[in-house]
Amino acid sequence: MRQKLGFSGWLYLLPTLILIGIFSLWPVVQSITYTLFDYKLNDQQKAGLYLQERFNTDLFQETVLYIDLFLSEDLTNITDSKDKEKVETVLQNLNRVASSYTDNKGIIEISKEERLEINQLYENTKALIEHLTKNYSLTHTDSLPLLVEDIEKSMIPSNFIGLKAYKEALGDKRIHIALGNTFLFTLVSVAIELILGLGLALILNKAIVGQGLVRTTSLIPWAIPTAVAALMWCYLYDGTSGIVAHFFENLGLISQSQNLLLSQGGAMVSTILADVWKTTPYMALLLLAGLQNIPSTLYEAASIDGSSKFKSFFTVTLPLLKSSILVALLFRTLDAFRVFDLIFVLTGGGPGGATETLSIYAYKTMFGQTNFGYGSVVVMIMFVCVAIIAIIFVRLLGKNLLDRN
């Protein structure tokens with residue numbers, strides 16, 4: 001009978017729930033929030049999450065300071081007394097409004113009346129500068145119009161866009177290519193790793209001389225950090241001195257060794273080969289655990305019934321290894337779908353986006369272009385794909401366990 005947790009039971013779980021909330025749930029919530037905003041760090045008006053219009057006091061104060069300085073210097077170039085009066089009036093209004101925000105720093109909220117006053121101040125200043133630059137030869141003819149535009153830029157509009165970025169992502173051809181590259185890399189590499197990993201697991205499961213040394217040696221590729229392994233393969237693929245590149249050229253697989261990482265097909269094959277070398281031991285390790293759970297008496301009974309080793313593999317080993325294979329495929333598929341460091345070091349997503357996966361595209365968008373809004377959308381697409389893959393495998397795994405029971 002299932003018992004309900006009491007107050008003391010929830011207290012024991014509270015530290016774990018807090019850690020899960022901080023390190024697992026909060027980053028997901030934050031990423032989802034970013035997707036709803038046009039959040040770009042390289043744009044002063046979009047460098048935050050603004051549901052309502054805001055005012056950049058620092059930019060406004062600095063702009064007023066320079067406009068006052070430049071117009072004061074150009075007063076000697078203005079001959080009409082009425083225009084001089086207009087200049088003085090505009091400067092007084094600018095300094096009056098700027099002085100009202102002396103105690104404020106950074107980006108603040110303002111009222112509707114304050115916003116209208118600043119907009120009117122911008123229109124008046126813009127009209128005056130256009131009139132002066134048209135009728136007089138000013139020292140700061142080029143700088144003053146740009147400074148006036150900074151008054152308008154100090155008003156920060158809301159950058160909340162809702163689901164607009166998701167709609168844009170659905171038509172983004174680059175996302176389609178990255179998604180196709182991700183699936184191609186995942187399917188091919190995991191399939192090869194399953195076949196090679198199963199063969200390696202069968203070898204490691206045999207009682208042979210030096211079994212411990214063989215198992216330890218086979219795990220060395222998996223133990224090497226991915227970035228280091230990618231850099232090592234980069235040297236091996238180098239068209240000038242890379243032994244693997246020259247080996248492929250001698251076999252006739254490529255026309256020139258320099259084309260291995262510089263052609264679209266060659267780059268994708270190279271990344272898959274490096275990933276297979278790196279993670280096949282991990283697949284073998286997961287499958288080895290399943291092989292060791294199969295009783296040896298089943299093989300003895302199959303042998304007595306006249307089954308060959310080949311037939312025993314399909315009638316005994318594979319059926320009993322099915323759950324272990326599903327677990328290994330689940331871990332490796334999720335890991336391969338999120339691949340980043342191997343491709344980033346080896347090809348950087350090139351050439352021409354031939355090896356650009358979703359994680360590489362998200363990185364370039366978020367940290368290369370500092371577009372965290374759209375970059376988070378790419379991350380969410382990858383998150384949904386990973387969730388779907390996990391659900392499919394868990395359903396298959398759960399069904400298999402029920403059948404086995």
Side-chain angles (χ1 to χ4, degrees), residues 22-51 54 56 59 106-107 153 156 158-186 225-234 261-262 264 267-268 270-271 274-275 278 334-387:
I22 294 175
F23 296 105
S24 298
L25 298 181
W26 174 246
V28 175
V29 172
Q30 193 174 35
S31 296
I32 294 174
T33 304
Y34 286 169
T35 64
L36 305 177
F37 291 84
D38 188 13
Y39 182 29
K40 301 176 181 177
L41 295 184
N42 59 357
D43 190 334
Q44 200 169 29
Q45 291 188 308
K46 300 177 181 179
L49 309 182
Y50 306 122
L51 283 171
R54 301 293 180 94
N56 190 334
L59 178 60
I107 298 173
K153 290 179 180 178
I156 302 176
S158 171
N159 60 344
F160 179 79
I161 58 174
L163 301 177
K164 184 179 178 181
Y166 288 97
K167 182 180 179 181
E168 181 182 348
L170 292 177
D172 189 348
K173 292 184 179 179
R174 191 170 175 182
I175 285 185
H176 299 164
I177 295 173
L179 186 61
N181 290 337
T182 305
F183 274 111
L184 176 63
F185 176 86
T186 301
T226 306
V228 177
L231 191 60
M232 180 187 70
W233 278 99
C234 191
L261 292 178
L262 299 180
Q264 294 187 354
M268 178 58 75
S270 300
T271 56
D275 186 70
K278 174 78 172 61
L334 297 182
D335 192 34
F337 198 88
R338 296 178 291 107
V339 63
F340 172 77
D341 42 3
L342 177 70
I343 295 179
F344 182 77
V345 175
L346 196 58
T347 65
T355 58
E356 186 176 74
T357 59
L358 286 176
S359 57
I360 296 291
Y361 184 33
Y363 173 82
K364 290 180 178 179
T365 304
M366 297 180 73
F367 297 99
Q369 304 173 9
T370 63
N371 188 347
F372 282 85
Y374 194 68
S376 297
V377 173
V378 181
V379 171
M380 284 298 107
I381 293 175
M382 186 167 60
F383 171 77
V384 171
C385 293
V386 168

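We're numbering straight along the sequence, starting at 1. Predicted model only: the values in this text are computed from it and were never measured.
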Identify the two heavy atoms, one from A267 and one from P351, that lie closest to each other, and give their separation to 0.1 Å.
CB-CD, 3.5 Å
Residues K278, L342; criterion side-chain contact (heavy atoms from CB on, under 4.5 Å); working and verdict:
CA-CA 10 Å; K278 174 78 172 61; L342 177 70; 5.9 Å; no
Is there a side-chain contact (heavy atoms from CB on, under 4.5 Å) between V377 and E168? Walk through the geometry before answering.
CA-CA 10 Å; V377 173; E168 181 182 348; over 6 Å; no
Listed by chain and number, what are the ring-ring contact (aromatic ring centres under 6.0 Å, His included) partners of Y374, not counting sequence neighbours?
none
By side chain to side chain contact (heavy atoms under 4.5 Å, CB included) - contacts of D43 (at least two apart):
K40, Q45, K46
Checking side-chain contact (heavy atoms from CB on, under 4.5 Å) for the pair L36/L163: CA distance, chi angles, key distance, verdict?
CA-CA 6 Å; L36 305 177; L163 301 177; 4.1 Å; yes
Are L179 and C385 packed together at the side-chain level, in the sense that at least one heavy-atom pair is separated by less than 4.5 angstrom?
yes
With sequence neighbours left out, which residue pairs that include part of residues 342-363 fulfil the side chain to side chain donor-acceptor pair (under 3.5 Å) condition?
D172-Y361, R174-E356, T347-T355, E356-K364, T357-S359
The reported gap from CE in M366 to OH in Y34 (rounded to nearest 0.5 angstrom) is 7.5 Å
Give a yes or no on whether F383 atom CZ has more than 12 heavy-atom contacts from other residues, nucleotides or ligands under 6.0 Å away.
no
Where D341 and A230 come nearest, the two heavy atoms and their spacing
O-CB, 4.5 Å
Specify the closest pair of heavy atoms between I156 and Q44, including all atoms of both residues, with the distance to one decimal.
CD1-O, 4.4 Å
Approximate separation, where rounding is to 0.5 Å, of I343 CD1 and S270 OG
11.5 Å
Test log, rule side-chain contact (heavy atoms from CB on, under 4.5 Å), inputs T271 and W233:
CA-CA 9 Å; T271 56; W233 278 99; over 6 Å; no
Would you call the rings of Y39 and F372 parallel, tilted or perpendicular, taking 30° and 60° as the class edges?
tilted
Closest non-hydrogen atoms of N42 and Q369, given as atom of the first, atom of the second and distance, are ND2-O, 3.3 Å
Starting at CD1 of I177, measure out to CG of L184 and round the result to the nearest 0.5 Å.
13.0 Å
Do the side chain of N159 and the main chain of D38 share a donor and acceptor less than 3.5 angstrom apart?
yes
Testing the basics here: between S158 and Y50, what is the closest heavy-atom pair and its distance to 0.1 Å?
OG-O, 2.8 Å
Looking at R338 and V386, what are the two nearest heavy atoms and their distance?
CG-CG2, 4.0 Å
Would you compute the distance between atom OG1 of T365 and atom CD1 of I175 and round it to the nearest 0.5 angstrom?
7.5 Å
Nearest-0.5 Å distance that lies between atom CG in N181 and atom NE2 in H176
13.0 Å
Rounded distance [0.5 Å steps], CG in L49 versus OG1 in T33:
7.5 Å
Tell me, with the steps shown, if F185 and F337 meet ring-ring contact (aromatic ring centres under 6.0 Å, His included).
CA-CA 8 Å; F185 176 86; F337 198 88; over 10 Å; no
